[in-house]
Every structure is written in structure tokens, then in C-alpha cells.
Engineer: 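The structure follows.
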Amino acid sequence: MPITSAKGRSADSDRVPAAADTTEPIMLELVDEDGRTIGTAEKLSAHIAPGRLHRAFSVFLFDDAGRLLLQRRALEKYHSPGVWSNTCCGHPYPAEPPFVAAARRTGEELGLAPALMREAGTVRYNHPDPASGLVEQEYNHLFVGTVAALPDPDPSEIAETAFVTPAELDALREKYPFSAWFMTVLDAARPAIREVTGDAAGW
């Protein structure tokens with residue numbers, strides 16, 4: 001289970017904004033319990049307790065050996081810094097299709113494009129982040145696929161990456177913290193993961 005540190009690139013991120021930062025606020029799409037759009041909200045405000053239900057996505061990419069690509073979130077991120085999580089996750093811009101957003105952010109964060117990516121359903125959850133006090137109230141679109149290239153992660157987003165088997169994932173979870181939503185999205189995506197990776201991969 002080689003773990004690779006991120007280095008060298010920079011891009012748009014959710015790092016703590018500088019005091020003189022004049023960039024436009026990042027807006028999220030608010031949804032009802034059925035996933036219908038009902039408005040928009042600024043990203044940070046949507047995560048302040050108790051949180052506002054908004055659209056999100058989670059991506060799980062696997063190599064040709066059926067190993068899951070994980071990332072450890074950069075320490076500079078204001079939400080869930082330094083924890084391990086799935087390949088990529090984030091939020092579509094308002095009116096941006098979740099599939100397009102998932103492909104876009106995979107490229108921005110990991111410097112690669114999926115060789116294959118397919119929809120894997122949705123899951124709704126409410127997960128507080130114990131470190132920041134922020135809350136994930138999300139209607140999450142799941143995507144599963146494969147990758148044929150090694151990641152070239154943006155260090156402002158990702159501290160490390162690793163390809164893991166199910167057993168290696170269990171060992172990593174015993175040693176290090178993972179994102180509050182990780183097991184919820186992984187379990188919801190497992191049927192599609194098994195279709196993509198095959199029974200021998202063990203997912």
C-alpha cells in the first residue's frame with residue numbers, strides 16, 4: 001500500500017481564505033429531501049450547524065487490480081483537514097450536472113481523468129465534523145469508475161494518496177482518521193463498486 005505525498009501543483013481549493021481574498025463566493029445548490037433544487041447558498045454558510053441540505057458528489061476510482069484510490073485531505077482545508085477519504089468529493093456549482101462536477105473536480109484535485117465513470121445512485125446523510133464543528137447535510141450523487149494513470153494531486157487539496165485493497169483499507173482505518181461521511185458513501189456505492197471491480201477484488 002504505497003502512500004504518495006502530493007507536491008508541486010496549485011489550483012482552486014477550499015483552503016482557509018486569506019483576509020484580503022476578494023474572490024467570488026462559492027455557491028452550492030440547496031435541495032429538498034427528494035433532491036429537487038430549491039435555491040442556493042454560500043458554501044461555508046451551508047455547512048454551519050445545523051447545516052442546510054445541499055447537492056454533493058462522491059467519486060470512487062479503482063486501478064486495474066481493483067484497488068481503491070484514496071486521498072488524505074490537505075491540512076490547510078477548513079473542513080475535515082488531514083483526514084483520509086474517498087477518491088474525490090465535492091459540490092456541483094448551481095445548475096452544473098453532478099457527473100460533470102465529479103469529472104471536473106477529479107481533474108482539478110488529482111490531475112487525472114477517469115478511464116471509466118458511471119453513476120452509482122444517491123445517498124442522503126447528516127454528518128457533523130468533530131474537528132471543525134461544521135455539518136454535512138448532503139444529498140450525495142455517487143460515481144464509481146476506473147483510472148489508468150497515476151494521480152498528480154494538487155497539494156492545496158490533497159496531502160497524500162494511496163491505492164488500497166479492502167484489507168489495507170481496514171488497516172488504514174484502524175490507524176488514521178477518516179472523513180465523517182466516508183463509510184456512508186462507501187457502503188451506499190458498494191453494489192456499483194462490485195460491478196466495476198468484480199468479485200475477486202473483495203469489495
Side-chain angles (χ1 to χ4, degrees), residues 1-6 31 33-35 55-73 80 82-92 96-127 129 136-154 157-203:
M1 180 185 60
I3 295 176
T4 305
S5 295
V31 300
E33 293 290 342
D34 295 314
R55 196 176 309 282
F57 64 81
S58 289
V59 178
F60 296 85
L61 296 179
F62 298 81
D63 67 8
D64 57 6
R67 298 181 304 170
L68 171 61
L69 175 57
L70 297 178
Q71 64 159 280
R72 187 167 74 88
R73 294 164 64 86
S80 302
V83 301
W84 286 94
S85 198
N86 50 292
T87 308
C88 181
C89 55
H91 310 91
E96 181 182 28
F99 185 94
V100 173
R104 172 178 59 81
R105 285 302 290 162
T106 299
E108 291 170 353
E109 290 190 10
L110 289 151
L112 53 76
L116 171 151
M117 190 168 74
R118 51 164 283 190
E119 295 181 357
T122 60
V123 61
R124 191 263 196 255
Y125 53 76
N126 173 6
H127 284 307
D129 171 35
E136 290 287 9
Q137 289 268 15
E138 292 191 332
Y139 187 93
N140 196 302
H141 297 255
L142 306 172
F143 299 95
V144 171
T146 59
V147 63
L150 293 176
D152 179 22
D154 172 4
E157 296 284 354
I158 297 172
E160 299 174 281
T161 61
F163 284 95
V164 298
T165 66
E168 289 169 339
L169 173 60
D170 291 342
L172 204 62
R173 289 184 61 227
E174 289 182 0
K175 293 179 61 177
Y176 300 106
F178 273 66
S179 62
W181 61 86
F182 176 75
M183 287 307 300
T184 299
V185 293
L186 174 61
D187 287 342
R190 281 187 196 274
I193 289 171
R194 293 183 185 116
E195 290 180 6
V196 168
T197 62
D199 293 339
W203 295 101

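Computed from heavy atoms alone, side chains included, the values below leave out hydrogens, waters and symmetry copies.
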Engineer: Report yes or no: does Glu136 contribute a side-chain atom to a donor-acceptor pair with the main-chain N or O of Asn126 at less than 3.5 Å?
Structural biologist: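 Between the backbone of Asn126 and the side chain of Glu136 there is no qualifying donor-acceptor contact (under 3.5 Å).
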Engineer: What pairs of residues pass the ring pair (Phe, Tyr, Trp, His ring centres under 6.0 Å) test when at least one of them lies in residues 182-203, not counting sequence neighbours?
Structural biologist: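 Qualifying pairs: Phe62-Trp203, Phe178-Phe182.
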Engineer: Rounded to the nearest 0.5 Å, how far does CD of Glu109 lie from CG of Asp152?
Structural biologist: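 Reported value, rounded in 0.5 Å steps: 13.0 Å.
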Engineer: How far does CG of Leu61 sit from OG1 of Thr146, to the nearest 0.5 angstrom?
Structural biologist: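 Separation between the atoms: 7.5 Å.
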Engineer: Looking at Ser58 and Val185, what are the two nearest heavy atoms and their distance?
Structural biologist: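 Minimum heavy-atom separation between Ser58 and Val185: OG-CG1, 3.7 Å.
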Engineer: Donor-acceptor pair, Thr87 side chain versus Leu69 backbone, under 3.5 Å?
Structural biologist: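 Yes, Thr87 side chain to Leu69 backbone: donor-acceptor pair under 3.5 Å.
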Engineer: Would a 4.5 Å heavy-atom cut-off, applied to side chains only, mark Phe163 and Glu168 as touching?
Structural biologist: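 No, their side chains stay 4.5 Å or more apart.
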Engineer: Does Glu119 CD have over 12 foreign heavy atoms under 6.0 Å away?
Structural biologist: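 Count not over threshold, so no.
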Engineer: So do the side chains of Thr197 and Leu68 get within less than 4.5 Å of each other, counting heavy atoms only?
Structural biologist: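 No, every pair of side-chain atoms sits at 4.5 Å or beyond.
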Engineer: Would you compute the distance between atom CD of Glu138 and atom SG of Cys89 and round it to the nearest 0.5 angstrom?
Structural biologist: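 Output value for this atom pair is 7.5 Å.
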Engineer: Mind jotting down which residue pairs meet the salt bridge (Lys or Arg N to Asp or Glu O under 4.0 Å) criterion with at least one end in residues 192-203? Sequence neighbours excluded, please.
Structural biologist: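 Of all non-adjacent pairs touching residues 192-203, those that pass salt bridge (Lys or Arg N to Asp or Glu O under 4.0 Å) are Arg118-Glu195.
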Engineer: Closest heavy-atom contact between Val164 and Leu70?
Structural biologist: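 Minimum heavy-atom separation between Val164 and Leu70: CG2-CD1, 3.7 Å.
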Engineer: Looking only at heavy atoms, what is the nearest atom pair of Leu110 and Cys88, with distance?
Structural biologist: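 Taking Leu110 first and Cys88 second, the nearest heavy atoms are CD1-CB, 4.4 Å.
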Engineer: Are the side chains of Leu186 and Leu169 in touch, meaning some heavy atoms are under 4.5 Å apart?
Structural biologist: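 The answer is yes, as the side chains (C-beta and beyond) meet within the 4.5 Å cut-off.
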Engineer: Quick check on side chain to side chain contact (heavy atoms under 4.5 Å, CB included): which of Gln71, Arg73, Arg72 does Ile158 satisfy it with?
Structural biologist: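 Among Gln71, Arg73, Arg72, the one that satisfies the side chain to side chain contact (heavy atoms under 4.5 Å, CB included) with Ile158 is Gln71.
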Engineer: Looking only at heavy atoms, which two atoms of Ala120 and Val144 are closest? And how far apart?
Structural biologist: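 Closest approach of Ala120 to Val144: CB-CG2, 3.7 Å.
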Engineer: With a 4.5 Å heavy-atom cut-off, do Arg124 and Gln137 have their side chains touching?
Structural biologist: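 The answer is yes, as the side chains (C-beta and beyond) meet within the 4.5 Å cut-off.
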Engineer: Do you know which two heavy atoms are closest between Ala102 and Phe57, and how far apart they sit?
Structural biologist: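 That closest heavy-atom pairing would be CA-CE1, 3.6 Å.
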Engineer: Got a second to check how far Glu96's CD is from Arg104's CZ, nearest 0.5 Å?
Structural biologist: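 The CD atom of Glu96 sits 4.0 Å away from the CZ atom of Arg104.
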Engineer: Please report the C-alpha distance between Glu108 and Glu157 in whole Å, then the side-chain angles of each, then the deciding distance to 0.1 Å, and finally whether the side chain to side chain contact (heavy atoms under 4.5 Å, CB included) criterion is met.
Structural biologist: CA-CA 9 Å; Glu108 291 170 353; Glu157 296 284 354; over 6 Å; no
Engineer: What do the steps show when you test Trp181 against Met183 for side chain to side chain contact (heavy atoms under 4.5 Å, CB included), and what is the final call?
Structural biologist: CA-CA 6 Å; Trp181 61 86; Met183 287 307 300; over 6 Å; no
Engineer: Give me the atom names and distance for the closest heavy-atom approach of Leu112 to Pro151.
Structural biologist: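 It is CD2-CA, 3.4 Å.
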Engineer: Identify, with sequence neighbours excluded, every residue that meets ring pair (Phe, Tyr, Trp, His ring centres under 6.0 Å) alongside Phe143.
Structural biologist: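 Phe99.
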